[in-house]
Number of protein chains: 2
Amino acid sequence: MVDEELGRRRDATATKAALLSAARELFIERGFDHTTVRDIAALAGANQALLFRYFGSKEALFRAAMTNQSHQLLAETPPEQLVGRVLARMLAPDAPPAKDNPLYALLRSSANEHTAAVFRDDLGARYRRVLASLTDADDAETRADLVLAWLLGIGLLRSVLDQHDFADADPARITEHVLRAVGTLLERVDQRPPTA
Amino acid sequence: MVDEELGRRRDATATKAALLSAARELFIERGFDHTTVRDIAALAGANQALLFRYFGSKEALFRAAMTNQSHQLLAETPPEQLVGRVLARMLAPDAPPAKDNPLYALLRSSANEHTAAVFRDDLGARYRRVLASLTDADDAETRADLVLAWLLGIGLLRSVLDQHDFADADPARITEHVLRAVGTLLERVDQRPPTA
DNA sequence: TTGGGGTGTAAGCATCTGCTTACTTTGGCC
DNA sequence: GGCCAAAGTAAGCAGATGCTTACACCCCAA
């Protein structure tokens with residue numbers, strides 16, 4: 001997929017990009033602990049030593065690969081549609097289940113405290129902020145955390161633990177259930193007609 | 001905690017039990033990948049080789065340690081109180097956060113496919129069954145999975161990812177939110193007063 | 001008393017893995 | 001052409017880790 005073979009001869013920028021891309025793919029697919037620097041370098045078509053020259057350590061590479069593209073979905077989705085879109089991607093029946101979703105790297109790396117910190121301070125914090133903006137309740141952030149927890153749990157059960165019955169369940173049904181519950185959690189307390 | 005020192009001299013049964021207990025404690029605390037057989041043997045006060053003689057492999061020990069005591073809480077709790085009790089244990093402010101809760105071993109080991117299978121086929125299946133019994137809806141199992149996913153996500157966010165804001169949130173508030181939503185998901189469709 | 005199987009131990013093997021080092025090659029600039 | 005820093009490479013180090021092996025010990029039945 002990133003296998004460059006020839007074409008790039010001596011191009012540090014392209015090599016860095018290839019390493020980042022390969023790292024992202026493998027971290028998402030296998031998690032931090034089960035991804036080796038040798039695998040990343042091989043997939044990027046680069047030498048292992050370059051990985052350390054350019055990024056310093058495996059952990060730094062993880063941080064760079066995960067925080068870099070600040071989760072496109074999060075940036076381009078209106079807050080009120082966020083839950084629905086995340087669900088849609090998680091429940092999509094596509095063969096590779098959202099290979100580009102950093103949430104899976106989180107789920108598959110959660111045992112490692114360093115990688116957990118990356119998400120706690122970066123990706124998780126962003127989701128939290130966006131979701132919390134959807135309600136005026138005084139415990140907005142707690143409610144946002146509960147919604148985020150639910151999304152994480154659904155991803156965990158479906159794609160990491162591979163509960164096959166759940167994986168086969170009707171996405172529309174699931175979405176309906178979740179959105180209804182989330183609606184009561186996050187709807188604005190000050191509820192009045194938009195125009196009047 | 002399990003440090004036997006003397007007292008047991010040549011007692012295979014006790015040694016096996018000590019290994020199982022030590023394994024349970026460490027797997028729950030650190031997850032499968034970050035627990036070494038040396039650590040387990042040391043905590044059990046036993047020789048490493050015995051672990052392999054009695055259990056065969058680290059993975060088999062994991063399976064034995066996790067499926068053995070079939071989660072006391074699950075067995076002794078009336079289904080309709082299960083969610084509340086699991087939440088209570090997860091949200092308890094005690095220093096060691098539910099050291100005896102196998103759900104944490106799951107959360108901290110989810111990256112490993114073998115350990116994931118253990119929970120999918122054992123612990124997860126049991127929770128699923130109990131929760132599904134709480135509703136008459138035709139998609140009872142999907143609803144049960146959603147509730148289980150939420151519990152897992154809450155545990156993940158709170159104790160593994162250590163979202164400190166969420167960890168400091170009011171347990172009563174959280175419980176209230178979750179129970180309300182779960183109530184609409186799992187309440188019996190055929191809803192009528194118990195006595196009438 | 002003695003032999004043997006069950007129990008416990010020390011040491012090491014084989015492999016993996018993050019990271020380093022010493023080296024060669026490339027290509028642009030004077 | 002000749003220089004030299006940047007780019008790339010091969011090899012290996014050091015430690016960790018799952019698992020095995022060869023051996024010592026102890027109880028108990030015959």
Side-chain angles (χ1 to χ4, degrees), chain A residues 2-23 26-27 29-66 108-109 111-115 118, chain B residues 2-23 26-27 29-66 108-109 111-115 118:
Chain A
V2 196
D3 202 20
E4 303 291 356
E5 289 297 333
L6 290 187
R8 143 175 63 101
R9 287 285 294 167
R10 291 175 76 80
D11 186 340
T13 308
T15 300
K16 285 185 209 172
L19 285 170
L20 275 175
S21 173
L26 292 179
F27 282 143
E29 185 181 325
R30 310 180 192 171
F32 183 81
D33 290 330
H34 290 143
T35 300
T36 71
V37 293
R38 284 170 175 78
D39 288 340
I40 296 173
L43 181 61
N47 189 286
Q48 199 193 152
L50 294 178
L51 186 157
F52 292 96
R53 181 179 296 169
Y54 293 142
F55 297 97
S57 70
K58 181 187 176 186
E59 195 189 318
L61 173 61
F62 181 83
R63 177 170 260 106
M66 291 299 131
R108 295 200 162 86
S109 309
N112 189 299
E113 58 174 321
H114 300 294
T115 68
V118 171
Chain B
V2 196
D3 202 18
E4 303 291 356
E5 289 296 332
L6 291 186
R8 141 177 64 102
R9 288 282 297 168
R10 292 176 73 79
D11 185 339
T13 308
T15 300
K16 285 185 209 173
L19 285 170
L20 275 175
S21 173
L26 293 179
F27 283 141
E29 185 181 325
R30 310 179 191 172
F32 183 80
D33 290 331
H34 290 143
T35 300
T36 71
V37 293
R38 283 170 177 79
D39 288 340
I40 296 173
L43 181 62
N47 189 287
Q48 199 194 152
L50 294 178
L51 188 156
F52 292 96
R53 180 180 297 168
Y54 293 141
F55 296 97
S57 70
K58 181 188 176 186
E59 194 189 316
L61 173 61
F62 180 84
R63 175 170 262 105
M66 291 298 130
R108 294 199 161 85
S109 308
N112 188 299
E113 57 173 322
H114 299 295
T115 69
V118 171

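Chain identifiers are assigned alphabetically (A, B, ...) following the order of the sequence lines, protein sequences preceding nucleic acid strands; residue numbering begins at 1 within each chain.
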[options]: which one has an atom nearest the side-chain heavy atoms of [X]?
{"X": "Asn47(B)", "options": "dT9(C), dT17(D), dG12(D)", "value": "dT9(C)"}
{"X": "Thr36(A)", "options": "dG18(C), dT9(C), dG12(C)", "value": "dG18(C)"}
{"X": "Gln48(A)", "options": "dC19(C), dT26(C), dG18(C)", "value": "dC19(C)"}
{"X": "Ala49(A)", "options": "dT9(D), dC19(C), dA10(C)", "value": "dT9(D)"}

For [X] and [Y], work out which heavy atoms get closest and say how close.
{"X": "Ala60(A)", "Y": "Phe55(A)", "result": "CB-O, 3.1 Å"}
{"X": "Leu19(A)", "Y": "Ala46(A)", "result": "CD2-CB, 4.1 Å"}
{"X": "Gln48(A)", "Y": "Val37(A)", "result": "OE1-CG2, 3.6 Å"}
{"X": "Leu43(B)", "Y": "Leu26(B)", "result": "CD2-CG, 3.9 Å"}
{"X": "Tyr54(B)", "Y": "Ala12(B)", "result": "OH-CB, 3.4 Å"}

[atom1] of [X] versus [atom2] of [N]: gap in Å, rounded?
{"X": "Phe32(A)", "N": "dG18(C)", "atom1": "CZ", "atom2": "P", "value": "8 Å"}
{"X": "Asn112(A)", "N": "dT17(C)", "atom1": "CG", "atom2": "C1'", "value": "14 Å"}
{"X": "Glu59(A)", "N": "dT17(C)", "atom1": "CD", "atom2": "P", "value": "18 Å"}
{"X": "His34(B)", "N": "dC16(C)", "atom1": "NE2", "atom2": "C1'", "value": "15 Å"}
{"X": "Phe62(B)", "N": "dC19(D)", "atom1": "CZ", "atom2": "P", "value": "14 Å"}
{"X": "Leu19(B)", "N": "dG18(D)", "atom1": "CG", "atom2": "P", "value": "14 Å"}
{"X": "Asp33(B)", "N": "dT17(D)", "atom1": "CG", "atom2": "P", "value": "11 Å"}
{"X": "Asp11(A)", "N": "dA7(D)", "atom1": "CG", "atom2": "C1'", "value": "10 Å"}

* Asked: Is a donor-acceptor contact shorter than 3.5 angstrom present between the side chain of Arg10(A) and the base of dA6(D)?
  ->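 Donor-acceptor pair under 3.5 Å: yes.
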
Does either side chain, that of Asp39(A) or that of Thr36(A), offer a donor lying less than 3.5 Å from an acceptor on the other one?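 Yes, Thr36(A) and Asp39(A) have a side-chain donor paired with an acceptor closer than 3.5 Å.
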
Please work out if Thr13(B) contacts a base, only the sugar-phosphate, or nothing of the nucleic acid, heavy-atom cut-off 4.0 Å.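 No contact.
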
### Within residues 50-58 of chain B, residues whose heavy atoms come under 4.0 Å of DNA chain D
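Within this stretch, Phe52(B), Ser57(B), Lys58(B) sit under 4.0 Å of the strand.
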
Problem - Heavy atoms from other residues, nucleotides or ligands near CD of Glu59(B) exceed 12 (cutoff 6.0 Å) - result: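 Yes, the 6.0 Å shell around CD holds more than 12 heavy atoms from other groups.
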
Quiz item: Thr15(A) side chain N/O closer than 4.0 Å to the phosphate oxygens (OP1, OP2) of dA7(D)?
Solution: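 It does not, given that no N or O in the side chain of Thr15(A) lies less than 4.0 Å from OP1 or OP2 of dA7(D).
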
